[in-house]
Each structure stands twice: as C-alpha cells, then as structure tokens.
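The structure appears right after this line, and notes come after that.
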Amino acid sequence: MTEPSAALAELTEISSQIESAVRFGADGKVVAATIPDEPAAQVAASAKALFEQAAQIGDGELTQIEASTADGSLFVVKDGTTTIAASTSAEPTAGLVFYDLKECLRAVAKPPAKPAAKPKPKPKPKPRTPRPKSNGTS
Amino acid sequence: MGRRRLIALGFAVGSLLGIGLYARRGREGRERIDLYFADGSLVSLHSDSPEAAPLLVHAHDALRAAAT
C-alpha cells in the first residue's frame with residue numbers, strides 16, 4: 001500500500017491543476033493532506049457535509065462531485081470508506097482531475113507489491129558415479 | 001470642446017462600468033455543482049437552483065479553508 005501522504009504529494013506533483021488535496025475517512029477524520037492540519041480538517045468537514053447533503057438529491061449512489069465557483073473548483077471523490085477532496089483553480093479540466101484523484105485512491109487502497117522472490121539456487125549436479133562395467137552376463 | 005470631452009469621458013466610464021458588471025455577473029452565473037452517480041448519470045445544479053445554494057456554501061467553505 002502506498003503511504004497516504006506520499007500518494008497525495010505525488011498527486012499534486014503530477015497534476016498541475018490540483019492545488020491542494022485532503023484525504024479523509026468515513027468519520028471525517030483527516031488521513032493525509034497537502035495542507036496544514038487545521039485547514040485540512042475544515043476542508044474535510046465541509047467536503048463531508050457537501051457530499052452527505054448532495055447524496056440526498058439523486059436516487060443512485062453518489063460517487064463524485066465537482067463544485068465550480070468563481071474562486072476555483074472543489075472536487076470530491078468517494079471510494080468505499082475513503083474520500084478525497086481537492087481544490088483547483090477556476091475552470092480546470094474536470095476529466096483529468098477526476099482521473100488523477102481516482103488513481104490516487106486506487107494507489108492507496110492497492111496492497112503492497114510483493115518483493116521479487118529470490119531465485120532458487122540451482123541444484124548442484126550430482127557427481128556421476130562411474131557405471132560398473134558390465135561383464136556381459138546379465 | 002469641453003462639452004465633447006465630458007461626453008467622451010462619460011461614455012468611457014459607462015463602458016468600463018458595464019464591462020465590469022457583465023464580467024462579474026458572468027463569473028457568478030458560472031457557479032454550479034455537478035453530481036456524478038455510480039450508474040453513470042449526472043445531475044448538474046446551477047447556482048440559481050434552490051438545491052445548489054446550500055451545497056455551494058459548503059464548497060465555498062472548503063475552498064476558503066484550502067486557500068489559507
């Protein structure tokens with residue numbers, strides 16, 4: 001499993017559009033963030049409230065939100081019990097941002113890759129024992 | 001001559017004011033919330049819809065906190 005904070009740092013590094021990102025659990029507790037603790041907790045609380053309120057609007061299961069405002073856009077993506085909220089500048093490429101956020105969630109959820117198994121040493125060839133010469137009688 | 005200048009100045013100021021108001025209105029009018037559901041459906045709520053207003057409040061709060 002990728003370290004949560006490392007995954008978020010990689011996210012902001014990869015995506016030039018994402019300015020900040022906060023990952024939080026079902027209880028709204030911040031798991032990792034690219035911003036200091038206090039604002040991260042506020043972002044998580046607002047994003048959680050936004051998601052819960054928005055989920056009541058449609059009939060189906062809500063998976064992601066894009067809130068476009070004059071100050072910038074807020075993206076919220078939920079995957080199971082984990083949610084990630086990211087802020088971008090105004091008018092981002094929504095598809096790319098959603099893709100990057102989902103990739104980040106996937107990377108965090110993925111089990112760690114097993115270290116490559118050591119190649120087994122080849123069994124040493126057994127020393128050949130000379131066959132006893134047949135004396136012609138069987 | 002002075003009167004002409006005054007008219008031209010008034011016209012210029014009025015134009016700038018109009019452009020400013022139009023740009024501001026355009027920015028505010030662009031606010032919206034897009035909700036994506038697991039079945040692939042999308043609900044887009046514009047800022048003038050009653051359902052969007054409370055959601056936009058949370059979005060503004062989150063963006064404000066993220067910017068600090």
Side-chain angles (χ1 to χ4, degrees), chain A residues 12 18-22 24 30 33-80 83 85-91 94-95 97-98 101-102, chain B:
Chain A
T12 48
I18 296 172
E19 291 172 347
S20 68
V22 177
F24 55 95
V30 175
T34 61
I35 52 175
D37 292 350
E38 202 179 319
Q42 288 173 0
V43 170
S46 297
K48 186 174 179 281
L50 167 67
F51 202 93
E52 284 172 354
Q53 214 163 331
Q56 294 168 5
I57 291 172
D59 295 330
E61 184 199 347
L62 183 65
T63 54
Q64 54 194 46
I65 299 174
E66 180 196 358
S68 307
T69 74
D71 307 321
S73 290
L74 179 75
F75 289 81
V76 187
V77 178
K78 193 176 183 185
D79 185 18
T83 308
S87 67
T88 68
S89 54
E91 295 184 22
V97 176
F98 276 132
L101 293 178
K102 281 181 198 166
Chain B
M1 191 68 183
R3 198 179 161 191
R4 260 192 202 173
R5 270 191 185 174
L6 205 66
I7 290 170
L9 191 70
F11 189 73
V13 168
S15 300
L16 286 174
L17 204 67
I19 289 168
L21 284 172
Y22 182 77
R24 190 178 161 187
R25 197 184 154 198
R27 269 204 308 273
E28 283 170 359
R30 274 206 302 268
E31 290 201 336
R32 66 171 206 288
I33 303 254
D34 289 340
L35 309 177
Y36 297 80
F37 293 89
D39 60 0
S41 61
L42 163 71
V43 174
S44 195
L45 305 168
H46 286 261
S47 54
D48 52 357
S49 82
E51 289 167 316
L55 301 180
L56 279 168
V57 170
H58 292 307
H60 279 292
D61 287 346
L63 286 170
R64 211 174 298 124
T68 52

With a 4.5 angstrom heavy-atom cut-off, is it the side chain or the backbone of B:L42 that approaches chain A, or both, or neither?
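Neither; nothing under 4.5 Å.
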Select one option (side chain, backbone, both, neither) describing which atoms of B:L35 are under 4.5 Å from chain A's heavy atoms.
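Both parts, heavy atoms under 4.5 Å.
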Go through the steps to decide whether A:T69 and B:H60 satisfy the test side chain to side chain contact (heavy atoms under 4.5 Å, CB included), and finish with yes or no.
CA-CA 8 Å; A:T69 74; B:H60 279 292; 3.6 Å; yes
So which of [options] has the largest heavy-atom pair count under 4.5 angstrom toward chain B?
options: A:D71, A:I57, A:I35, A:V77; value: A:I57
options: A:E19, A:E61, A:Q42; value: A:E61
options: A:A44, A:A41, A:A94, A:P39; value: A:P39

Quick check for you: to the nearest 0.5 Å, what is the distance between [X] atom [atom1] and [Y] atom [atom2]?
X: A:S68; Y: B:R32; atom1: OG; atom2: CZ; value: 3.5 Å
X: B:L63; Y: A:S20; atom1: CG; atom2: OG; value: 8.0 Å
X: B:D39; Y: A:D59; atom1: CG; atom2: CG; value: 9.0 Å

Among B:L45, B:I33, B:D34, single out the residue with the greatest number of heavy-atom pairs under 4.5 Å to chain A.
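When all of B:L45, B:I33, B:D34 are compared, B:D34 has the most.
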With side chain to side chain contact (heavy atoms under 4.5 Å, CB included) as the test, would you mind laying out the steps for A:Q64 and B:F37 before giving the verdict?
CA-CA 7 Å; A:Q64 54 194 46; B:F37 293 89; over 6 Å; no
Would you please test B:V57 and A:L50 for side chain to side chain contact (heavy atoms under 4.5 Å, CB included) and show each step?
CA-CA 9 Å; B:V57 170; A:L50 167 67; over 6 Å; no
